[in-house]
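Bear in mind the structure is a predicted one, so any value in this text is a computation, not a measurement. Throughout, protein chains are lettered first and strands after them, A, B, ... in sequence-line order, and every chain is numbered starting at 1. The basis for the numbers below is simple: all heavy atoms, side chains too, and nothing from hydrogens, waters or symmetry mates.
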Amino acid sequence: MNLTAYLAGIGGEIVDIWPLARARLPYAEKLIGDPATGVVHGGVITGLLDHTCGIAVMAKLREPLPIATLDLRIDYMRPAKPREDIVAECDCVRVTHEVAFVRGVAHQGDANDPIALCTGAFMLIRGGVAGIAVAS
Amino acid sequence: MSEPFSLIETIPYCAHLGITASVKDGALLLTMPFAAHLIGNPVLPALHGGVIGSLLETAAIAQVIYETGGAGLPKPVDITVDYLRSGRGVTSYARARIARQGRRVVNVHAQMWQEDETKLVAALRGHFLIASSSKDQTAS
């Protein structure tokens, strides 16, 4: 559940799920978004935060349910420093019957000096999607 | 730098995701064929939300380069992605338009779809900083 093809493909790993979901992503050439500076692509940060927020939701659910991102807002505070790991830490703030609300931060060792902040909402898919089996 | 096609392909993360750019009917179009390493939910299977966000953000950046031709890549300030449908295991497309261009910041809207352009999979709104012509911005 934690190691999806996407996360494995970018070389990230989930290192904790409770009380905060935490993922670590080592720097790699294939993550670069600006070849002139070596800074990783913003989409890498989006992907890592989206994934880690999803883990935070699943860790908070009392029963395993498939989830789907409804929306995600990312504020990019500063470019990630090249050749340093990126850490994402996400918290599921509230779960309702249908929707879970999350917030998260991406940083490089100091959460008070963030690369990016995010807030988002996930749908909880109860009873499965039409024609699609429920994940367990 | 104003040539977005070759530029997109020189970005390692875009190459990792398999994103290419072309011009169709006078507008920039980004294409991302399906691949196993783009999956976020193996049960459905569905594209990872991060992949969808990455394609949209790349479409926004490419559009800004295409229209402004500024020096250096536009830097994202903030983005909001609305996920409207599950991204299925087929080719994805994205295009963007500039809603407002200021001197330093651009507001961009981007959309992604798969087989039917009227059935959007996701939409992005975002702000990007562009290098001003009067003051050369150093890479950060």
Separation of B:Ser54 OG from A:His41 NE2 (nearest 0.5 Å): 6.5 Å

Rounded to the nearest 0.5 angstrom, the CZ-CZ distance for A:Arg73 and B:Arg125 is 8.0 Å

What about B:Ile39 and B:Ile19, same hydrophobic cluster or not, with Ile/Leu/Val/Met/Phe/Trp/Tyr joined at side-chain heavy-atom distances under 4.5 Å? yes

Out of B:Leu17, B:Ile79, B:Leu124, which one racks up the most heavy-atom pairs below 4.5 Å with chain A? B:Ile79

If you group Ile, Leu, Val, Met, Phe, Trp and Tyr by side-chain heavy-atom gaps below 4.5 Å, do A:Met123 and A:Val102 land in one group? no

Check whether A:Leu7 and A:Leu20 end up in the same hydrophobic cluster, where Ile, Leu, Val, Met, Phe, Trp and Tyr are linked by side-chain heavy atoms less than 4.5 Å apart. no

Which atom names give the shortest non-hydrogen contact between A:Thr69 and B:Tyr83, and what distance separates them? O-CB, 3.0 Å

So for B:Val77, is it side chain, backbone, both, or neither that comes closer than 4.5 Å to the heavy atoms of chain A? backbone

Please tell me whether B:Val81 and A:Val99 are part of a single hydrophobic cluster in this structure, the criterion being side-chain heavy atoms less than 4.5 Å apart. no

Among A:Thr119, A:Leu31, A:Asp75, A:Ile74, residue most engaged with chain B (heavy-atom pairs, under 4.5 Å): A:Ile74

Could you grab the distance from atom OH of A:Tyr76 to atom CZ of B:Phe128, nearest 0.5 Å is fine? 7.5 Å

Would you name the heavy atoms of B:Ala36 and A:Ala5 that are closest together and state the gap between them? O-CB, 3.2 Å

Which residue out of A:Leu48, A:Leu49, A:Leu117, A:Ile32 racks up the most heavy-atom pairs below 4.5 Å with chain B? A:Ile32

Could you state the interatomic distance from OG1 (A:Thr4) to CG (B:Leu38), rounded to the nearest 0.5 Å? 10.5 Å

Can you get from A:Ile14 to A:Tyr27 by hopping between Ile, Leu, Val, Met, Phe, Trp and Tyr side chains that sit under 4.5 Å apart? yes

Gap between atom CG of A:Asp50 and atom CD1 of B:Ile52 - 0.5 Å precision: 8.5 Å

B:Tyr13 versus A:Ile10, closest heavy-atom pair with distance: CE1-CG2, 4.1 Å

Counting heavy atoms not belonging to A:Arg24, are there more than 12 under 6.0 Å from its CZ? yes

Looking only at A:Thr46, A:Ile67, A:Val44, the option with the highest number of non-hydrogen pairs under 4.5 Å against chain B is A:Val44

Find the one option among B:His16, B:His37, B:His48 whose heavy-atom pairs under 4.5 Å with chain A are most numerous. B:His48

Do you know which of B:Gly53, B:Pro76, B:Gly49 has the most heavy-atom pairs under 4.5 Å to chain A? B:Pro76

